[in-house]
Each structure stands twice: as structure tokens, then as C-alpha cells.
Amino acid sequence: MSKIQKKMLRGVFIMSMLILVLTAINVGIQYYREKMKSYTKLAFGYTKAASEYIDGDKIAAYLENLEEDDYYRGVKSFLRSFQANTEILYYYIYVPKEDYLVYVWDADTYEGACPLGYQEEYMKNGKKMSFSVMKKDPPEKLLITKDDTYGFIAIASSPIFNSKGEPVAIAAVDLSMPGIRHTLLIYLLAIILSVFVVVSVGMSIFYLFIKRGIIKPVKQLGNAAKSMASNMESGEHINPDIHTGDELEELSDCFVTMEKELREYIQENSRILSEKERISTELNVATQIQADMLPQVFPAFPERKEFDIYASMTPAKEVGGDFYDFFFVDDDHLAIVMADVSGKGVPAALFMMMAKCQIQTYALSRQSPKDVLETVNKKICENNKENMFVTVWLGILEISTGKIIASNAGHEYPIIKNAYGDFTVLKDKHAFAVGGIDTMKYSEYEIQLEPGSKIFLYTDGVPEATNSGNELFEMERTVGSLNEVKDSSPQEIVEHVGEAVRTFTSEAPQFDDVTMLCLEYKGKV
């Protein structure tokens with residue numbers, strides 16, 4: 001037997017059991033309700049019969065004298081006759097008092113039946129029911145209760161009135177709930193047996209139909225699918241012989257068409273895969289070339305004790321548009337660059353390499369930072385058909401004095417820490433990015449570093465890092481992360497901020513390059 005046949009049989013069995021259970025529950029509930037309505041009507045019929053038969057004016061005298069007469073014995077015979085020949089468990093008449101009830105008639109014949117005037121405590125909820133009955137036209141509702149003496153019973157009660165229309169006693173009938181439930185159980189078993197026979201026959205016919213019309217064709221399709229892989233190598237074509245005249249036959253035709261298209265797809269996919277492998281190899285080479293263009297050996301200048309510097313760049317794609325750089329202009333001047341090219345990927349990386357080379361070339365010619373940016377801007381604008389641009393922060397540190405001359409072409413604000421203070425944002429004057437306007441003029445300003453001072457440079461990939469809730473890392477978190485390790489080395493600071501960004505973004509994808517540089521000025525050592 002195949003797996004699908006086993007599943008089908010299992011499904012048919014589960015469906016059959018579900019139908020049986022739901023039918024039994026539904027029929028049981030409906031039968032129980034109808035049966036209880038029937039018993040309620042029957043029980044209240046008996047209580048009303050007693051209420052109409054008994055003379056309510058005599059009850060007070062019987063309870064006062066506690067003597068039986070012919071009328072009393074006649075009523076008792078009436079009650080016993082009904083109890084003996086019907087489904088009544090107990091049939092009795094009583095007068096409710098505040099703390100107990102007083103029997104007037106009890107239809108039981110066994111020794112110890114409640115005699116005239118016998119007082120008894122109320123069973124559970126009996127007092128409340130009794131006083132609710134002692135009124136004109138009380139609701140006909142059975143009281144179902146369990147009592148240690150009388151067991152699990154349903155009680156029907158009707159008032160008995162005197163000639164003045166006043167309720168003076170209660171006629172009560174007790175029905176056996178276990179008896180009712182036994183009748184219900186027998187009825188349910190008969191229903192379940194009948195449903196089981198019908199469902200079994202119906203499901204057997206259904207299974208045979210499914211096996212012939214669905215399972216067999218599906219197995220043929222399964223075998224065709226299994227042989228498809230080997231047929232690809234041998235060149236044979238699949239041909240499932242299915243003629244059901246329905247969707248399965250259409251599916252069979254689709255298999256034949258799919259095989260043809262799959263052969264064509266595999267050939268095309270092989271070609272594309274080869275091309276992707278070639279591109280991936282070239283991108284890996286491009287990534288390595290880009291990485292080699294950035295200073296990556298740290299400590300960068302171990303022989304220079306006047307400062308310490310560290311930087312990192314994490315591209316969003318294989319290659320990025322951010323770059324940093326630092327190099328000596330002469331023995332006493334260190335150029336520091338932080339830049340961000342518009343766009344991402346290979347175009348941005350190529351533009352980055354060009355911009356980096358030009359900035360370094362003109363900075364080494366001892367031009368001031370603003371002159372370097374103006375010269376590079378003009379050169380780029382001369383042949384910038386793609387309209388790309390790059391934001392640049394360029395500073396030249398005079399190592400002997402700690403003075404930095406800097407110029408900002410649309411880049412992020414630097415973050416400065418004095419020797420004994422916290423990191424704070426230096427809102428310097430911005431100009432337009434390099435590559436945008438060929439006549440752009442740039443300004444420059446001065447930063448004085450004392451021994452122990454630090455400067456932190458970064459691209460917008462840090463404050464604009466976004467988590468899965470579309471929340472930005474922002475400047476407040478950036479500065480906060482820096483101040484958590486403000487007395488640490490530049491490498492520890494850069495690594496700490498990078499880890500804070502990664503923790504914040506968590507599973508969210510990286511949308512922009514993340515580039516950071518930190519320099520600590522130590523002065524003469």
C-alpha cells in the first residue's frame with residue numbers, strides 16, 4: 001500500500017470518527033433537551049393533577065390534629081397509584097416553613113415513609129425553590145439536585161390553593177436522573193451504531209472512487225516526476241498515460257510541458273551561473289583592490305608616539321563608496337580624510353578610488369584643505385557625466401602643536417573630546433559636496449587638540465543605521481557610545497561603536513557603508 005493510500009485511509013477514518021462524534025454530540029444534546037422537556041411536562045402534569053385533586057382547605061386541619069380520615073386515605077391512595085404505575089420516583093405533598101418543610105402526604109409504601117406532620121430539613125436549593133413556588137402561576141422549571149438521602153433527582157413542584165386562592169402547600173414529584181440518563185445512553189448507542197453503518201458504507205464507496213480517480217493517476221505522476229531527473233541525462237521524455245478527463249489529465253499535460261521548459265531552463269541557468277561566478281570572482285578582486293587602497297595596518301605609524309590612529313570600513317555591498325585615508329604630508333603634518341560617495345556598489349567604488357587619489361595627490365602638494373577640495377572639485381566636475389558627488393572632511397594635523405586645519409564639503413560633523421571632557425559634536429561650517437558645482441568655494445577652520453584629546457570621524461552609515469523597527473541609531477546614541485569608552489584607545493573606541501551599531505540593527509540588513517576613524521593626540525612624549 002502506497003503512502004498516499006495510507007494517508008487517504010487515515011483521513012477517511014478520521015472523517016468517519018469526526019462525523020460519529022459530532023452526530024452523537026448533536027443528537028445527544030437535542031435528545032436530552034427534548035427528553036427533559038417531555039419529563040418536565042409530564043412531571044408538572046402530575047403535580048398539577050395533585051394540586052387540582054386535593055382540597056387545600058383541609059391541609060391546615062390535618063397538620064393541626066395529625067389525624068387521618070377517609071379523605072386523607074383516599075388522597076394517599078391516589079398518590080400511590082400514580083407513583084406505582086408511572087416513572088415517578090417520589091410523590092408527596094408538603095407545607096414549606098422558614099427552616100424546614102412539613103409532610104402532609106407521602107406516597108411511599110415502605111416502612112419509615114414520611115408520616116403526616118413529619119418535619120424535614122430542606123435539601124440543597126430546596127428552600128429557595130419552595131418559596132418561589134408558593135405564588136400564583138409560578139414558572140415550570142425542574143430543580144436538578146444531588147442529595148445524600150434521595151440521590152440524583154429532578155424535582156417538579158406546583159402550589160396547592162385553598163378556596164380563597166391562597167397557596168397553602170406544594171405538590172412535588174421527584175424523577176430519577178440516572179434513569180433518564182440511562183434511557184439517553186441507550187438511544188445514543190443506537191444512533192451511533194446506525195450512523196457508523198451508514199458512514200462506513202459511504203466512506204468505503206468514497207475511498208474506492210478516490211483510489212481509482214485520484215490515487216492511481218497521482219502515483220503515475222509521481223513516478224513520472226521521479227524519472228524526470230534521470231531522463232534529463234538520458235534525453236528520454238516523460239509520458240504519463242493519464243486519461244481522466246479532469247484536472248489530473250491537465251496536470252499530466254503540464255508535466256510534459258514542464259519537462260521541456262525545464263530542459264531549456266537548466267541550459268540557460270548553467271550559462272547564467274557561469275556568468276555569475278565570473279562576476280563574483282571579479283567583485284572579490286574589486287573588494288580586495290578597494291581594501292588594499294585603504295590603510296589597514298595598525299598601529300599605522302608605530303614609530304610616532306605623538307598620536308594614535310585607527311579606522312575601519314564595512315561596506316553595505318561587496319564594494320562600497322565610503323573611504324578614509326591618512327598620510328604624512330611632511331614629517332610634521334598628517335592629512336586625515338573621511339569621505340562618502342553618493343550611491344553604492346561598483347560605480348561608487350570606482351568614483352571613490354578616483355576621488356581618493358586626487359585628494360591625496362593635491363594634499364601632498366602642500367595645498368591647504370580648502371584649496372585641495374576646490375581643486376579636486378573642479379577636476380571631478382570637468383568629467384562627471386554620471387552626476388556623482390562625494391562628501392569630504394579633510395583635516396591636516398600639525399603634529400608638533402596639535403593644531404588641525406580642516407575643511408568640510410557636505411560631510412558629517414566631527415565629534416571632539418578634550419583631554420578631560422566628554423565627546424561632543426563640533427558643528428562646523430558645511431559647504432556643498434565635491435563634484436556638484438564646479439565654482440564652489442570652500443572654507444576652512446581650526447581645531448586645537450591638547451594632549452589626551454580625541455577626534456572621531458564617520459560617515460552617515462553610523463547615525464542612519466536602521467533596525468527592524470525602522471528606528472535610526474542617530475547622533476545621540478553615537479555620542480553616547482563614544483562616551484562609554486571615552487578613555488579607551490582609538491581602536492577600542494571604533495570597535496565599541498561598531499558593535500553598538502550591530503547590536504542596535506540586529507537582524508535588519510545593512511543599507512549603507514559604515515566607516516569610522518578615531519585619532520588620539522598625545523603630543524610630545
Side-chain angles (χ1 to χ4, degrees), residues 36-69 71-84 86-110 112-177 180:
M36 290 308 296
K37 286 181 182 179
S38 174
Y39 277 109
T40 300
K41 185 176 180 180
L42 179 66
F44 276 98
Y46 293 140
T47 59
K48 288 182 177 180
S51 175
E52 294 173 359
Y53 181 79
I54 295 172
D55 185 354
D57 293 334
K58 295 180 178 293
I59 291 176
Y62 284 134
L63 292 179
E64 182 178 352
N65 300 324
L66 300 178
E67 293 182 358
E68 300 180 3
D69 56 14
Y71 177 80
Y72 181 90
R73 286 186 286 274
V75 171
K76 194 166 188 177
S77 176
F78 169 84
L79 297 177
R80 284 179 174 177
S81 176
F82 271 94
Q83 179 171 307
T86 65
E87 296 176 315
I88 295 175
L89 185 63
Y90 302 111
Y91 203 178
Y92 52 97
I93 313 297
Y94 69 92
V95 176
K97 300 295 184 180
E98 181 63 28
D99 297 320
Y100 56 87
L101 58 88
V102 181
Y103 280 90
V104 183
W105 282 280
D106 184 357
D108 269 344
T109 58
Y110 66 89
C114 300
L116 173 63
Y118 180 76
Q119 298 178 358
E120 185 178 69
E121 292 182 356
Y122 289 105
M123 65 178 63
K124 185 178 181 182
N125 296 322
K127 180 180 178 181
K128 181 178 179 182
M129 178 205 68
S130 296
F131 282 94
S132 68
V133 170
M134 292 290 285
K135 59 184 179 180
K136 190 175 183 179
D137 297 326
E140 294 183 357
K141 184 177 181 181
L142 291 177
L143 171 64
I144 299 175
T145 183
K146 282 187 177 181
D147 184 78
D148 293 338
T149 302
Y150 300 105
F152 187 22
I153 56 176
I155 306 172
S157 305
S158 296
I160 299 174
F161 299 93
N162 60 19
S163 57
K164 296 179 181 180
E166 299 171 339
V168 294
I170 294 175
V173 166
D174 293 353
L175 301 176
S176 173
M177 287 302 295
I180 295 174

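Numbering of residues begins at 1 and proceeds along the displayed sequence. Below, all heavy atoms of this structure are taken into account, side chains as well, without hydrogens, waters or symmetry copies.
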**Message:** Between K48 and E140 (salt bridge meaning N to carboxylate O under 4.0 Å), is one present in this structure?
**Reply:** yes
Search all heavy atoms of [X] against all heavy atoms of [Y] and return the closest pair with its distance.
X: P115; Y: Y103; value: O-CB, 3.7 Å
X: S158; Y: V133; value: C-CG1, 3.9 Å
X: P159; Y: P167; value: CB-CB, 4.2 Å
X: L79; Y: W105; value: CD1-CB, 3.5 Å
X: V168; Y: F161; value: CG2-C, 4.3 Å
X: C114; Y: D106; value: N-OD2, 3.0 Å

**Item:** Side chains of Y94 and S130, donor plus acceptor under 3.5 Å
**Value:**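 The answer is yes; a qualifying pair exists.
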**Request:** Say whether Q83 and Y90, considering side chains only, have a donor N or O and an acceptor N or O under 3.5 Å apart.
**Result:**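 No, no side-chain donor-acceptor contact under 3.5 Å.
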Quick one: does [X]'s side chain get under 4.5 Å of [Y]'s, heavy atoms only?
X: I155; Y: T145; result: yes
X: D108; Y: Y92; result: no
X: L143; Y: I153; result: no
X: N125; Y: M129; result: no
X: V104; Y: L116; result: yes
X: Q119; Y: L101; result: no
X: I144; Y: F152; result: yes
X: I170; Y: I160; result: no

**Request:** May I have all residue pairs that pass salt bridge (charged side-chain N to carboxylate O under 4.0 Å, His left out) and include part of residues 92-103, sequence neighbours excluded?
**Result:**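 Salt bridge (charged side-chain N to carboxylate O under 4.0 Å, His left out) check on residues 92-103 returns E98-K127.
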Within the side chain of [X], is there an N or O that forms a donor-acceptor pair under 3.5 Å with the backbone of [Y]?
X: S77; Y: R73; value: no
X: T47; Y: V173; value: no
X: D57; Y: S163; value: yes
X: Y122; Y: Y100; value: yes

**Prompt:** Among N162, V95, V102, whose side chain to side chain contact (heavy atoms under 4.5 Å, CB included) with I59 holds?
**Reply:** V95
At what distance, to the nearest 0.5 angstrom, does [atom1] of [X] lie from [atom2] of [Y]?
X: L175; Y: L89; atom1: CG; atom2: CG; result: 8.0 Å
X: L42; Y: I88; atom1: CG; atom2: CD1; result: 7.0 Å
X: S81; Y: K76; atom1: OG; atom2: NZ; result: 14.5 Å

**Request:** Tell me whether the centres of the aromatic rings in Y72 and Y62 are closer together than 6.0 Å.
**Result:** yes
**Message:** My understanding is that only residues two or more places apart in sequence, or in another chain, count here; which of them pass side-chain hydrogen bond (donor to acceptor under 3.5 Å, both in side chains) with Y46?
**Reply:**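 Per chain and number, Y46 pairs via side-chain hydrogen bond (donor to acceptor under 3.5 Å, both in side chains) with no residue.
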**Request:** Classify the ring geometry between Y53 and F78 as parallel (under 30°), tilted (30 to 60°) or perpendicular (over 60°).
**Result:**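 The arrangement is parallel - the two ring planes meet at less than 30°.
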